[in-house]
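Below: one structure, written as structure tokens.
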Amino acid sequence: MFKNTDFFEAVYGIVRLIPPGKVTTYGAIAQALGSKSGARMVGWAMNASHGLADVPAHRVVNRQGLLTGKMHFNPPDDMQRKLEEEGITVMNDQIQQFEQHFWNPSLAIQIE
DNA sequence: CTAATGACTCGAT
DNA sequence: AATCGAGCCATTA
């Protein structure tokens with residue numbers, strides 16, 4: 001139920017705003033929220049987003065562009081697979097041209 | 001209440 | 001450049 005999961009919703013909202021073919025980082029989302037929540041919490045929120053098709057967690061990676069959370073997917077390869085489907089090249093669980101596919105969540109906040 | 005963990009990030013060595 | 005450690009915030013035990 002929706003109780004104290006305010007910050008979860010905030011993360012979901014941003015992740016849902018991530019356009020196809022784009023990716024972002026946990027720290028970027030945390031910063032978009034106001035730098036209050038640690039980047040770790042963002043990952044924690046994603047962990048709660050398991051099963052939510054509205055939350056493209058596969059577009060969220062760490063600062064290195066590494067698919068750190070792919071092991072939490074079902075199956076884990078699905079994360080890399082989806083990224084490749086969007087036109088993103090992934091090698092060794094690492095996104096190639098990560099900066100090129102990087103999307104700043106702050107831009108979505110700016111629209112608000 | 002204290003302690004430990006976690007899909008992270010940055011700074012120092 | 002690579003590796004190690006500490007910081008950060010929220011949840012769970």
Side-chain angles (χ1 to χ4, degrees):
Chain A
M1 293 305 201
F2 295 12
K3 296 183 180 181
N4 307 347
T5 58
D6 289 348
F7 99 131
F8 288 104
E9 286 189 56
V11 176
Y12 298 159
I14 294 181
V15 176
R16 273 187 283 218
L17 292 172
I18 301 176
K22 295 284 183 175
V23 290
T24 187
T25 70
Y26 304 96
I29 295 172
Q31 222 166 90
L33 294 174
S35 312
K36 34 188 167 184
S37 307
R40 303 180 107 155
M41 261 288 71
V42 178
W44 214 263
M46 312 259 36
N47 192 12
S49 75
H50 264 285
L52 301 179
D54 295 327
V55 183
H58 63 271
R59 293 182 187 153
V60 184
V61 296
N62 72 341
R63 229 211 160 287
Q64 298 178 14
L66 188 67
L67 310 182
T68 48
K70 76 156 192 184
M71 52 167 102
H72 293 270
F73 272 72
N74 177 43
D77 295 335
D78 194 37
M79 186 177 189
Q80 177 175 334
R81 186 173 178 171
K82 285 179 179 178
L83 290 172
E84 291 181 329
E85 282 290 306
E86 305 235 333
I88 298 176
T89 306
V90 181
M91 261 187 194
N92 195 10
D93 303 335
Q94 186 176 331
I95 297 177
Q96 307 303 306
Q97 301 175 334
F98 171 63
E99 296 182 30
Q100 189 174 325
H101 295 296
F102 178 75
W103 174 80
N104 191 334
S106 302
L107 301 176
I109 303 287
Q110 190 174 15
I111 299 171
E112 180 56 49

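Residue numbers begin at 1 in each chain, while the letters A, B, ... track the order of the sequences. Keep in mind it's a predicted model, so treat the numbers as computed, not measured.
Between A:Tyr12 and A:Phe8, the ring-plane angle classifies as tilted under the 30° and 60° cut-offs.
Whole-Å rounding puts the A:Asn47 CG to C:dT12 C1' distance at 12 Å. Following rounding to the nearest Å, A:Leu33 (CG) and C:dC9 (P) show an atom-to-atom distance of 13 Å. Between the NE2 atom of A:His50 and the C1' atom of C:dT11 there is a distance of 15 Å, rounded to whole Å. For the pair A:Phe8 CZ and C:dC9 C1', the computed distance is 11 Å after rounding to whole Å. Rounding to whole angstrom units, CZ of residue A:Arg40 and P of C:dC8 are separated by 12 Å.
Counting heavy atoms from C-beta outward, A:Pro56 and A:Val15 have side chains that approach closer than 4.5 Å. Considering only heavy atoms from C-beta on, A:Leu83 comes within 4.5 Å of A:Leu67 through its side chain.
Every residue was checked against the side-chain hydrogen bond (donor to acceptor under 3.5 Å, both in side chains) condition with A:Asp77, not counting sequence neighbours, and none meets it. With sequence neighbours left out, A:Pro19 forms a side chain to side chain contact (heavy atoms under 4.5 Å, CB included) with A:Lys22, A:Trp103.
Residue pairs that meet the salt bridge (Lys or Arg N to Asp or Glu O under 4.0 Å) test with at least one member in residues 46-59 of chain A, sequence neighbours left out, are A:Arg59-A:Glu86.
For the segment residues 76-99 of chain A, no residue has any heavy atom less than 4.0 angstrom from an atom of DNA chain B.
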Going by atom type alone, with no hydrogens or angles, which donor-acceptor pairs under 3.5 Å involve a side-chain atom of residues 40-52 of chain A and a protein atom two or more places apart or on another chain?
residue: A:Ser49; atom: OG; partner: A:Met46; partner atom: O; Å: 2.5
residue: A:His50; atom: NE2; partner: A:His72; partner atom: O; Å: 3.3

Close N/O contacts between protein and nucleotides 9-13 of chain B (under 3.5 Å):
residue: B:dT9; atom: OP1; partner: A:Gly27; partner atom: N; Å: 3.3
residue: B:dT9; atom: OP1; partner: A:Arg63; partner atom: N; Å: 3.3
residue: B:dT9; atom: OP2; partner: A:Arg63; partner atom: N; Å: 2.7

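Within 4.0 Å of A:Ala45, counting heavy atoms only, lies no atom of the nucleic acid at all.
The cluster map of Ile, Leu, Val, Met, Phe, Trp and Tyr, joined by side-chain heavy atoms under 4.5 Å apart, puts A:Val55 and A:Leu33 in the same cluster.
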